[in-house]
Structure formats: C-alpha cells, structure tokens
Amino acid sequence: MKEHRQELMTQSTLASKTSSSQPRVAKAENGDASVSIELLLRAILATGATPQDIGKIIANVE
C-alpha cells in the first residue's frame with residue numbers, strides 16, 4: 001500500500017480523503033494491529049482501487 005500511495009499522495013492527503021489523521025495513516029502503512037479494517041478499506045479505495053478490485057483480492061485469499 002505504501003509504495004502505491006506515495007506515487008499518488010502524501011500521508012496527510014490520504015488522511016484527509018479518509019477522514020482520519022496522518023499518524024493513523026502512518027500506523028496503517030506500518031501494519032499496526034490497532035488500525036481498523038474500515039480505515040484500511042477507505043485508504044485502499046482512496047488510492048484508486050474499486051470495490052471489485054478488493055473483492056477479487058479477497059476471493060483469492062486461501
């Protein structure tokens with residue numbers, strides 16, 4: 001997530017787009033277990049993924 005996001009926007013911009021804070025985005029990028037699935041999904045969508053993209057990834061998890 002981090003590398004793709006860095007190509008598109010700063011942590012502060014992503015935080016604004018996800019109604020979160022820059023420190024929470026940093027924690028998400030570093031794999032902090034306290035970050036909610038909801039924030040992770042909002043961040044993935046904010047970087048350009050579609051719900052269909054997310055569904056395909058989930059469907060391929062074994």
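These numbers come from the heavy atoms of this one structure, side chains and all, not from hydrogens, waters or symmetry mates.
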Note to self: If you compare all heavy atoms of A28 against all heavy atoms of L40, which two are closest, and at what distance to 0.1 Å?
What the structure shows: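 A28 and L40 have their closest heavy atoms at CB-CD2, 3.7 Å.
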
Next item on the list: Can you see which heavy atom on S21 is nearest to which on A15, and at what distance?
Entry: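 S21 and A15 have their closest heavy atoms at C-CB, 3.3 Å.
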
Next item on the list: With rounding to the nearest 0.5 Å, note down the distance linking OG1 in T47 to CG in D53.
Entry: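 These two atoms lie 9.5 Å from each other.
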
Notebook entry, point to check: At what distance, to the nearest 0.5 angstrom, does CG of L41 lie from OG1 of T18?
Noted result: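 It is 11.5 Å, given to the nearest 0.5 Å.
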
Margin query: Would the distance check show the side chain of S16 and the main-chain N or O of S12 forming a donor-acceptor pair, the cut-off being under 3.5 Å?
Written below: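 A pair under 3.5 Å: no.
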
Check: Is there a chain of hydrophobic side chains (I, L, V, M, F, W, Y, each step under 4.5 Å between heavy atoms) that links I54 to V35?
Finding: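 Both belong to a single hydrophobic cluster.
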
Check: Can you list the residues that meet the side-chain hydrogen bond (donor to acceptor under 3.5 Å, both in side chains) rule with S34, with sequence neighbours excluded?
Finding: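 With sequence neighbours excluded, S34 shows a side-chain hydrogen bond (donor to acceptor under 3.5 Å, both in side chains) to R24, D32, given in chain and number order.
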
Margin query: Run the side-chain hydrogen bond (donor to acceptor under 3.5 Å, both in side chains) test against T13 and tell me which residues pass, sequence neighbours left out.
Written below: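 Residues passing side-chain hydrogen bond (donor to acceptor under 3.5 Å, both in side chains) with T13: T10.
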
Item checked: Student check: side-chain heavy atoms of R42 and K17 closer than 4.5 Å ->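 Not touching, per the 4.5 Å side-chain cut-off.
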
Check: Are T50 and L45 close enough that some pair of their side-chain heavy atoms sits under 4.5 Å apart?
Finding: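 Side-chain contact under 4.5 Å: no.
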
